[in-house]
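Below: one structure, written as structure tokens.
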Amino acid sequence: MRLRIELAYDGTDFHGWASQPGLRTVQGTLEEWIGKVLRLPESPTLVVAGRTDAGVHARRQTCHVDLDLPEDPSAVLQHRLRRVLPDDIAIRSVRVAPEGFDARFSAIWRRYCYRMADGVPDPLLRSHVTPMKHPLDLGALNAGAELLIGLRDFAPFCKPRDGATTIRELRELSAARQPDGTVEVHLLADAFCHSMVRSLVGALAAVAEGRRTLSWLEDVAASPVRHGDVHVMPARGLTLEEVGYPADDQLAARAEESRAMRSLEDR
């Protein structure tokens, strides 16, 4: 059976999501404890909606695991994981996944938030907010954001990976200042490639601080390859907020669609 797991974590003390030998990761920690509490002969393998880098947080991450067991263990697993996992991982729910569900390929969107402080930083938020050296002009930041929304090749903002497309549909990108002075940049896309969110925010922050112009941002966005002038923002300001899925009867079709290599001709 396939179980769907929703969780949250503080990424400060993790070397990212993906398992790495000798390093503390979210995937490695969770797989180890699932194996222990269910007394499996070996730890299972988790599939996640979106891998997060070292230091990146998640408020509502989604993953799945396939288990060969005679009975549904979801209630027991949820209860026991909540008791044994470290304080920087929280299990929101564990349940049997609907037919056709795939945590990665069935997703139709991911929502991230990047948080910055251009005033006096709150030391209580030091692991979740990036301090900025100069004031941020939100008008300029949002003007730049409008230039980037849509279906396009985000190669100038991504670290390339062999065999992976950098074409994405960025559906939402905007910034707002919160009552405590923190600037939140919200991004929603069908998917994000490696370092894309932090690179987009880095480019927008350069415009918002007055170090770069909107015409510079347009030139960057038109580059066919990763642009060397784009600064990747620190991991601590980034949080995966939520992952969206279609109705249960559309999960399998969405997974099949997502596995196909994408091109701009798909618009």
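Bear in mind that the values here come from a model prediction, so they are computed numbers and not experimental data. We count residues from 1, following the sequence as given. Only this structure's heavy atoms are used, side chains among them; waters, hydrogens and symmetry mates stay out.
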Looking at residues at least two apart in the chain, or sitting in another chain, which of them share a side chain to side chain donor-acceptor pair (under 3.5 Å) with E31?
-> Q27
Residues at least two apart in sequence or cross-chain that pass side chain to side chain donor-acceptor pair (under 3.5 Å) with D248, listed by chain then number, are none
Applying side chain to side chain contact (heavy atoms under 4.5 Å, CB included), name anything that partners L124, two or more places apart in sequence or on another chain.
-> D122
Output all residues satisfying salt bridge (charged side-chain N to carboxylate O under 4.0 Å, His left out) with E184, sequence neighbours left out; order by chain, then residue number.
-> R115
Just jot down the side chain to side chain contact (heavy atoms under 4.5 Å, CB included) partners of A117, sequence neighbours excluded, or say none.
-> V129
Crowded around E71 CD? As in, over 12 foreign heavy atoms under 6.0 Å?
-> no
Results of salt bridge (charged side-chain N to carboxylate O under 4.0 Å, His left out) for E172 - residues two or more places apart only | R111
With sequence neighbours left out, the residues meeting side chain to side chain donor-acceptor pair (under 3.5 Å) with T29 are none
All pairs passing ring-ring contact (aromatic ring centres under 6.0 Å, His included) where residues 173-230 contributes a residue, at least two apart = Y112-F192
R92: partners by salt bridge (charged side-chain N to carboxylate O under 4.0 Å, His left out), with sequence neighbours left out = none
Contacts of C193 meeting disulfide (SG to SG under 2.5 Å) (sequence neighbours excluded), chain-then-number -> C158
Listed by chain and number, what are the salt bridge (charged side-chain N to carboxylate O under 4.0 Å, His left out) partners of R126, not counting sequence neighbours?
-> none
Pairs where residues 128-149 contributes a residue and the test salt bridge (Lys or Arg N to Asp or Glu O under 4.0 Å) is met, not counting sequence neighbours = none
